[in-house]
Amino acid sequence: MKQELAPTHTFQFIDEILAQQSLTLLSLNPQKTLITSFAELGDLITEENIDIEIFTALRETLESIVRTQLQNFPENIFWDFDFMVSSMLRQALIAEEGAVPFLKLFGKRMVSLTEMFGNKTEIRFRYVHDFMYGFEWARWVQKDPQKREHIEPFSLVFLDYLLVKGKEILQRINHGQITSYKLCDSGYRNPFTFSREPEDEYRLLTYLAEEQLIPVAVWNWDDSPVWNKPFQEMRQQLALKLNIQPQRH
C-alpha cells in the first residue's frame with residue numbers, strides 16, 4: 001500500500017537532520033564523493049510497495065539511528081547507509097514477530113550499540129567505520145565460518161554479539177586490564193597499531209575501497225558482503241605501504 005506522506009514525515013527529513021551538522025557526508029564509493037540521500041533511499045523503499053505502517057516505522061528507526069550516530073560519533077568521516085537500510089527492510093519483511101516490532105527492536109539495538117562504543121562512554125571509538133563497513137563482522141565470521149557465514153552484518157545476532165563485546169571491553173577498562181585499547185593523544189581509543197587520525201583514516205579506507213577490500217560495501221543497496229579475505233592483515237600492510245605513522249599514546 002503506497003501513500004503520499006507529508007514532507008516532514010518523509011525520508012527527506014533525515015537529510016535535513018544531517019544538513020544541520022557541519023559535515024561533508026562522504027561516501028566510500030570509489031565512483032562518487034557524497035552519500036546517497038535519504039530522499040533517494042526513500043524512493044527505493046517505496047518501490048517495494050510496503051504498508052504505510054512499515055514505511056513509517058522504518059523512517060522513525062532510521063531517524064533515531066542517524067541522530068545517535070551524530071551525537072556519539074561527531075568526527076565520523078564516511079556516512080553510507082544504503083545496504084544497512086536494504087538489510088533492515090529485507091529482514092523486517094520476513095521477521096516472525098512482524099515487520100514493525102522487528103524494526104523497533106533493531107532500532108533499540110543500534111542505538112544501544114552506538115551509545116556504548118561512542119564518545120560518551122569509556123570506550124570512546126572515533127568512527128563507526130569498522131562496524132558499518134563490516135570489518136568487525138568479517139573478523140567475527142572468520143572465527144566460526146560454518147556457523148556464521150550466512151549471518152548478515154546487520155542481523156540481530158551480530159548486534160547482540162557486539163553488545164556483549166562492548167560490555168566486556170568496558171569491564172576490562174574499568175579494571176585496568178586494557179592493552180590493545182589504550183587512549184591515544186587524541187582522546188580516542190584505537191585498537192590498531194597505526195594512526196587513525198582523520199587524514200590517515202581517509203587515505204587508508206579510500207585506498208581499500210578502490211582495491212575492493214571493504215567487507216560490506218554499504219554504499220551499494222544490493223551488496224553481497226564478503227567475509228573470507230584477510231581484511232585485518234591487509235589493512236595493516238596497507239598502512240605500512242602508505243607510510244601511515246604508528247599510533248601515539
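Bear in mind that the values here come from a model prediction, so they are computed numbers and not experimental data.
Take E152 and apply the salt bridge (charged side-chain N to carboxylate O under 4.0 Å, His left out) test, not counting sequence neighbours, and it matches R90.
Contact check for T24 versus L34: side-chain heavy atoms found under the 4.5 Å cut-off. Within the 4.5 Å cutoff, side-chain heavy atoms of V111 are placed close to those of E115. Put simply, the side chain of D80 does not reach to within 4.5 Å of the side chain of M84, judged on heavy atoms. Contact check for F117 versus N72: no side-chain heavy atoms found under the 4.5 Å cut-off. Using a 4.5 Å heavy-atom cutoff, the side chains of S112 and L163 are in contact. Within the 4.5 Å cutoff, the side chain of L238 has heavy atoms near those of the Y207 side chain. Under the 4.5 Å side-chain criterion, counting only non-hydrogen atoms from C-beta, S27 is not in contact with T33. Put simply, the side chain of F102 does not reach to within 4.5 Å of the side chain of L93, judged on heavy atoms.
Counting heavy-atom neighbours within 6.0 Å of E97 CD, excluding the residue itself, gives a total above 12. Atom NZ of K167 has 12 or fewer neighbouring heavy atoms from other residues, nucleotides or ligands inside a 6.0 Å radius. Other residues, nucleotides and ligands contribute over 12 non-hydrogen atoms within 6.0 Å of the CD atom of Q21. Within a 6.0 Å sphere centred on NZ of K241, heavy atoms belonging to other residues, nucleotides or ligands number 12 at most.
Neither Y188 nor L204 shares a network with the other; the hydrophobic side chains, linked directly or stepwise wherever heavy atoms of I, L, V, M, F, W or Y lie under 4.5 Å apart, form separate groups for each.
Using a distance-only test at 3.5 Å, with no hydrogens or angles considered, no donor-acceptor pair links the side chain of D82 to the main chain of S86. Side chain of T121 to backbone of M116: a donor-acceptor contact under 3.5 angstrom is found. The main-chain N or O of A217 is found under 3.5 Å from a side-chain atom of D223 such that the two form a donor-acceptor pair. With hydrogens and angles ignored, the 3.5 Å screen pairs no side-chain donor or acceptor of R148 with any backbone N or O of K143. At distances below 3.5 Å, not a single donor-acceptor pair connects side-chain atoms of E122 with backbone N or O atoms of I173. A donor-acceptor pair is defined here as one N or O able to donate and one able to accept, closer than 3.5 Å; no such pair exists between the side chain of T114 and the backbone of T68. Panel note: side chain T206, backbone R203; a donor-acceptor pair is recorded below 3.5 Å. A side-chain donor-acceptor contact under 3.5 Å links Q245 to the backbone of N243. Side-chain N or O atoms of Q71 include none that pairs as donor or acceptor with a backbone N or O of K120 at under 3.5 Å. Not one N or O on the side chain of N76 forms a donor-acceptor pair closer than 3.5 Å with the backbone of Q69.
Side chains of E60 and T56: a donor-acceptor N/O pair is absent below 3.5 angstrom, by distance only.
Taking each heavy atom of I123 and G166 in turn, the nearest pair found is CD1-O, 3.7 Å. Nearest heavy-atom pair across Q236 and T193 is OE1-OG1, 3.2 Å. Taking all atoms of both residues into account, the shortest heavy-atom contact from S195 to D200 is OG-OD2, 2.6 Å.
Put simply, the residue from Y133, W140, W137 that forms a side chain to side chain contact (heavy atoms under 4.5 Å, CB included) with P153 is W137. No option in F11, W221, F38 other than F38 meets the ring pair (Phe, Tyr, Trp, His ring centres under 6.0 Å) test with F81. Of the residues listed (R189, R139, R196, K165), the one engaging D130 in a salt bridge (Lys or Arg N to Asp or Glu O under 4.0 Å) is R196, and it is the only one.
Atom CD1 in I54 sits 15.0 Å away from atom CZ in R59 (nearest 0.5 Å). Here CE of M88 is found 5.0 Å from CG of L58. Values are rounded to the nearest 0.5 Å. In this structure, CG in D43 is found 7.5 Å from OG in S37, a value given to the nearest 0.5 Å. Between the CG atom in L25 and the CH2 atom in W79 there is a gap of 7.5 Å [rounded to 0.5 Å]. Here CZ of F106 is found 8.0 Å from CG of L62. Values are rounded to the nearest 0.5 Å. Residue I151 holds its CD1 atom at 11.0 Å from CG of L156, rounded to the nearest 0.5 Å.
Remark: R235 is positioned above the aromatic ring of F192, its terminal NZ or CZ atom under 6.0 angstrom from the ring centre and at most 45 degrees off the axis.
With salt bridges taken as basic N to acidic carboxylate O contacts below 4.0 Å, one links R67 and E63.
For F154 and F131, the ring centers are positioned less than 6.0 Å apart. Note: W219 and F83 fail the aromatic proximity criterion, with ring centroids not under 6.0 Å apart. Aromatic rings from F135 and H129 are positioned such that their centres are separated by 6.0 Å or more.
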